[in-house]
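Reading through the structure tokens given below for one structure.
Chain letters run A, B, ... following the sequence lines, proteins first, then strands; residues in each count from 1.
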Amino acid sequence: MTVVTRFAPSPTGFLHIGGARTALFNWLFARHHGGVFRLRIEDTDRQRSTQQAIDAIIDGLKWLGLDWDDETIFQFARAPRHAEVAMEMLKQGKAYYCYTTPEELEQMRAAARAAGKPMRYDGRWRDRDPKDAPQGVKPVVRLKAPTAGETVVQDKVQGEVRVANEQLDDMVLLRSDGTPTYMHSVVVDDHDMGITHVIRGDDHLTNTFRQLQIYQAMGWELPAFAHIPLIHGPDGAKLSKRHGALGVEAYRDMGYLPEALRNYLLRLGWGHGDDEIISTAQAIEWFDLDGVGRAPSRFDFAKLDNLNGHYLRQAEDASLAGEVARRLGVAGDAQLEQRLAAGMAGLKARAKTLKELADNARFYILKRPLVPDDKARAHLAATALQVLKGLRGVLAGPQSWNGTDLEAAAREFAESNGIKLGQVAQPLRAALTGATTSPPIFEVMQVLGREETLGRIDDALAGG
RNA sequence: GUCCCCAUCGUCUAGAGGCCCAGGACAUCACCCUUUCACGGUGAAGACACGGGUUCGAAUCCCGUUGGGGACGCCA
């Protein structure tokens with residue numbers, strides 16, 4: 001049997017981090033089994049679905065590197081099929097028309113609340129003769145759900161979960177305007193799409209009981225269910241827009257790499273022994289539902305940062321330089337991009353995100369004369385400038401321009417002047433980068449080149 | 001409120017009755033490396049929510065308490 005999974009977001013907002021993880025798990029599971037991963041846009045809520053959200057979700061998945069098979073399914077387009085199935089259930093006596101008005105429902109809800117009981121539709125049209133139908137009320141179609149016994153889910157993550165059927169009421173399958181409800185369309189679509197494994201958020205666990213009843217009414221084969229725990233914010237509460245429920249594009253903008261986010265999301269709720277750094281290829285090989293934890297987890301930027309730093313150091317200098325150039329607004333300037341690439345070795349060990357990388361790299365693309373920050377200015381006092389002036393004399397000579405030789409020359413200069421290397425290096429750093437922290441300064445000199453280096457030193461000497 | 005789920009260091013987790021006075025990773029702290037800051041290395045501190053069982057033996061099984069979360073729509 002070929003494994004078929006799906007990711008089924010509703011396009012009412014961006015692709016948030018929880019959805020991204022759900023998509024990742026479905027994708028990994030399908031790829032692990034050599035199966036099929038499908039995308040279904042659940043756009044049946046016409047009020048809230050937007051093209052913008054659809055684009056954001058698709059862009060997010062693409063950025064994350066989660067490719068799906070076959071064409072994208074749009075749920076709304078399948079409304080006729082959903083209605084058809086409801087009619088079939090009607091014909092088989094598995095469903096019935098219900099003429100209860102929204103007002104009556106509201107009364108029911110109010111009464112239930114007052115009695116401290118959960119809202120349950122009372123089934124008043126369940127066995128009533130349709131001839132009693134009031135004039136002018138468009139009916140909904142409700143499932144004739146079992147009233148006794150219990151419904152049991154065999155969940156691949158949560159284990160066996162059961163609920164008494166009296167807890168469940170006759171849910172609406174088709175609204176009075178003939179459009180399907182979520183519960184109904186999900187089941188019909190999952191069945192028609194041949195989904196074998198429904199992997200989704202924990203928040204759907206209790207929905208599953210009702211969906212199971214639809215499968216049973218239609219006599220359809222059940223898919224396997226796996227409900228993965230939700231991701232919470234740093235404070236343990238449900239992820240809200242205030243803290244962390246950002247779209248994946250926000251993570252991209254913050255400078256996270258897709259491979260780092262994949263690795264982080266994978267480890268959030270899934271484990272493989274003590275392994276932490278897990279490549280995507282390795283993840284496909286290892287991923288299974290047994291490794292999924294059952295407790296909700298909290299989103300931790302510190303760990304994401306650490307992982308991102310790891311993948312950053314692993315990344316190609318040239319592509320990193322391209323991204324940094326884009327962020328600094330100098331993309332396309334071959335000379336600067338080349339300079340950034342040359343400086344990347346020292347730069348990338350010092351950054352956790354692309355944003356930080358770009359910030360740290362800015363001094364490489366700045367035009368002379370640099371404006372040193374306050375701390376750097378403190379290293380450019382009169383005595384320091386004397387040192388710089390002396391060093392400049394050495395550098396102006398026949399000096400080979402690579403980091404190692406430059407360092408040797410600086411060390412020799414410091415020694416002959418009876419000062420520490422740091423007393424030479426810090427003023428130099430201040431002059432060349434305008435800051436007090438930077439990649440190794442002799443590496444910086446090599447990357448900047450002789451002319452630019454001497455120019456920046458002259459600027460500092462003149463500025464003092 | 002009703003129903004359902006969950007519970008190991010601050011965080012993510014390993015742990016499927018003895019290998020655990022609980023292992024790893026991130027974060028924190030200290031030291032080393034060092035021209036700055038990082039990276040890297042070494043080390044420290046830090047958890048089985050609580051109470052009952054079951055068992056020769058429980059982080060692991062059962063029950064309860066507490067705490068967290070989710071679902072209760074003609075939203076998805």
Side-chain angles (χ1 to χ4, degrees), chain A residues 8-12 42-45 47-49 75 98 100-102 105 109 112-113 115-121 138-142 153 155 157-159 161-164 167-169 171-177 179-183 185-186 201-210 227 229-230 232 234 236-238 264 267-277 290 293-307 309 313 346-352 360 375 379 407 410-411 414 420-426 428-430 433 435-442:
Chain A
S10 62
T12 54
E42 306 212 324
D43 55 351
T44 52
D45 184 342
Q47 307 302 319
R48 299 196 300 152
S49 296
Q75 192 164 57
C98 166
T100 310
T101 62
L105 247 18
R109 225 184 306 277
R113 204 189 333 264
K117 291 187 167 173
M119 162 60 183
R120 295 282 118 84
Y121 167 69
K138 282 189 162 181
V140 299
V141 174
R142 284 187 187 268
V153 181
D155 194 273
V157 173
Q158 307 293 345
V161 185
R162 45 180 69 222
V163 72
Q167 297 294 332
L168 277 15
D169 61 2
M171 76 188 117
V172 173
L173 264 20
L174 244 41
R175 301 185 187 105
S176 51
D177 65 359
T179 60
T181 59
Y182 163 76
M183 289 291 177
S185 44
V186 163
D202 217 353
D203 48 342
H204 289 287
L205 183 58
T206 50
N207 287 336
T208 309
F209 299 121
R210 317 182 93 101
H227 288 92
L230 300 176
H232 291 163
K238 190 183 179 184
Y264 178 71
R267 284 290 293 110
L268 207 55
W270 181 84
H272 184 273
D274 285 339
D275 296 301
E276 296 288 347
I277 304 286
D290 292 340
R294 293 194 285 180
S297 46
R298 301 184 188 201
F299 195 89
D300 180 20
F301 273 100
K303 187 143 183 178
L304 209 210
D305 280 349
N306 175 270
L307 234 25
R313 272 169 255 132
L347 247 19
K348 64 186 184 182
R350 266 151 268 263
K352 303 281 194 203
N360 294 345
K375 281 192 217 159
H379 286 280
E407 176 173 349
R411 283 186 187 279
K420 288 183 181 173
L421 184 59
Q423 290 173 274
V424 179
Q426 277 308 81
L428 198 50
R429 191 183 315 279
T433 72
T436 51
T437 66
S438 81
I441 200 60
F442 304 109

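B:U66 and B:C20: their P atoms are spaced 36 Å apart (whole Å). Separation of the P atoms belonging to B:C62 and B:A27 is 37 Å when rounded to the nearest angstrom. Look at the P atom in both B:A22 and B:C63: the space between them is 28 Å, to the nearest Å. Taking atom P on both nucleotides, B:C50 is separated from B:G70 by 25 Å, rounded to a whole Å. With both ends at atom P, the span from B:A45 to B:G52 equals 30 Å, rounded to whole Å. Rounded to whole Å, the P atom of B:A44 lies 42 Å from the corresponding atom of B:C5. If you take atom P in B:C31 and the same atom in B:A7, they sit 40 Å apart, rounded to whole Å. Look at the P atom in both B:A59 and B:A49: the space between them is 10 Å, to the nearest Å.
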Between the protein and nucleotides 72-74 of chain B, which nitrogen or oxygen pairs come in under 3.5 angstrom?
from  : atom 1 : to       : atom 2 : distance (Å)
B:C72 : O2'    : A:Arg120 : NH2    : 3.4
B:C74 : O3'    : A:Arg175 : NE     : 3.4
B:C74 : O2     : A:Ser176 : N      : 3.1
B:C74 : O2     : A:Ser176 : OG     : 3.0
B:C74 : N3     : A:Ser176 : OG     : 3.2
B:C74 : N4     : A:Thr100 : O      : 3.2

Are any protein N/O atoms closer than 3.5 Å to N/O atoms in nucleotides 26-28 of chain B? If there are, list each pair with its distance.
from  : atom 1 : to       : atom 2 : distance (Å)
B:C26 : O3'    : A:Asn306 : ND2    : 3.3
B:C26 : O2'    : A:Ala302 : O      : 3.4
B:C26 : O2'    : A:Lys303 : N      : 3.4

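Closest heavy-atom contact between A:Glu42 and A:Pro11: O-CD, 3.2 Å. Between A:His379 and A:Ala430, the shortest heavy-atom distance links the atoms CB-CB, 4.0 Å. A:Val424 and A:Ala414 get closest at one heavy-atom pair: CG2-CB, 3.9 Å. Taking every heavy atom of both residues into account, A:Cys98 and A:Thr100 meet most closely at SG-OG1, 3.1 Å. Taking all atoms of both residues into account, the shortest heavy-atom contact from A:Thr12 to A:Ser49 is CG2-N, 4.3 Å.
Going from atom CD of A:Glu407 over to atom CG of A:Leu421 covers 6.5 Å, rounded to the nearest 0.5 Å. Rounding to the nearest 0.5 Å places NE2 of A:His232 at 11.0 Å from CG of A:Leu268. In this structure, CZ on A:Arg313 lies 6.0 Å from NZ on A:Lys352, to the nearest 0.5 angstrom. A:Trp270 contributes atom CH2, which lies 11.0 Å from atom CG of A:Asp290 (distance to the nearest 0.5 angstrom).
B:A49 is paired with B:U65 under the Watson-Crick or G-U wobble criterion, all donor-acceptor distances under 3.5 Å. When both pairing distances are held under 3.5 Å, B:C33 makes no Watson-Crick or G-U pair with any nucleotide shown. The partner of B:C21 is absent, by the rule that a Watson-Crick or G-U pair needs both atom distances under 3.5 Å. In a base pair of the Watson-Crick type (N1 to N3 plus N6-O4 or O6-N4) or a G-U wobble (N1-O2 and O6-N3), with each distance short of 3.5 Å, B:C72 is matched with B:G1. Across all strands shown, the partner of B:U28 is B:A44, judged by Watson-Crick or G-U wobble contacts whose two distances both fall under 3.5 Å.
A salt bridge is absent between A:Asp300 and A:Lys303; no separation between the charged side-chain nitrogens and carboxylate oxygens falls under 4.0 Å.
Between A:Arg411 and B:U35, a side-chain N or O to OP1/OP2 separation shorter than 4.0 Å is present. Checking the phosphate oxygens (OP1, OP2) of B:C5, no side-chain nitrogen or oxygen of A:Thr206 falls inside 4.0 Å.
Counting non-hydrogen atoms under 4.0 angstrom, A:Arg313 reaches the backbone sugars and phosphates but no base. Within the nucleic acid shown, A:Phe209 has no heavy atom closer than 4.0 Å to any nucleic acid atom. A:Pro440 comes within 4.0 angstrom of a nucleotide base, judged by non-hydrogen atoms across all strands. As judged by a 4.0 angstrom heavy-atom cut-off over every strand, A:Gly269 is placed among residues touching the sugar-phosphate backbone only. Backbone-only contact: A:Ser10 has heavy atoms under 4.0 Å from sugar-phosphate atoms and none from a base.
Between the NE2 atom of A:His204 and the P atom of B:G69 there is a distance of 19 Å, given to the nearest Å. Rounded to an integer number of Å, the gap from A:Phe301 CZ to B:G10 C1' is 17 Å. In this structure, A:Ile441 places its CD1 atom 9 Å from C1' of B:U35, rounding to the nearest Å. Straight-line distance from the OH atom of A:Tyr264 to the P atom of B:U11: 12 Å, rounded to whole Å. Atoms CD (A:Gln423) and P (B:U36) sit 12 Å apart, rounded to a whole Å. The nearest whole Å value for the distance from the CZ atom in A:Arg350 to the C1' atom in B:A38 is 5 Å. Distance, A:Leu421 CG to B:U35 P: 6 Å, rounded to whole Å. Atom pair A:Arg294:CZ and B:A7:P shows a separation of 6 Å (rounding to whole Å applied).
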Should A:Tyr264 and A:Phe299 be marked as a ring pair (Phe, Tyr, Trp, His ring centres under 6.0 Å) after you check the CA-CA gap, both sets of side-chain angles, and the distance that decides it? CA-CA 10 Å; A:Tyr264 178 71; A:Phe299 195 89; 5.2 Å; yes

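Scanning atom types as modelled, one donor and one acceptor separated by under 3.5 angstrom connect the side chain of A:Asp274 and the base of B:G23. Between the side chain of A:Arg429 and the base of B:U35 there is at least one donor-acceptor pair of N/O atoms closer than 3.5 Å.
Between A:Tyr182 and A:His204, the two ring planes are tilted [angle within 30° to 60°].
Where A:Ala295 and A:Glu276 each meet RNA chain B at their nearest nucleotide, the meeting point lying more 5' is that of A:Ala295. Nearest-nucleotide positions on RNA chain B for A:Gln426 and A:Val161 put A:Val161 closer to the 5' end.
Distance from the side chain of A:Ala425 is smallest to B:U35 among B:U36, B:C12, B:U35.
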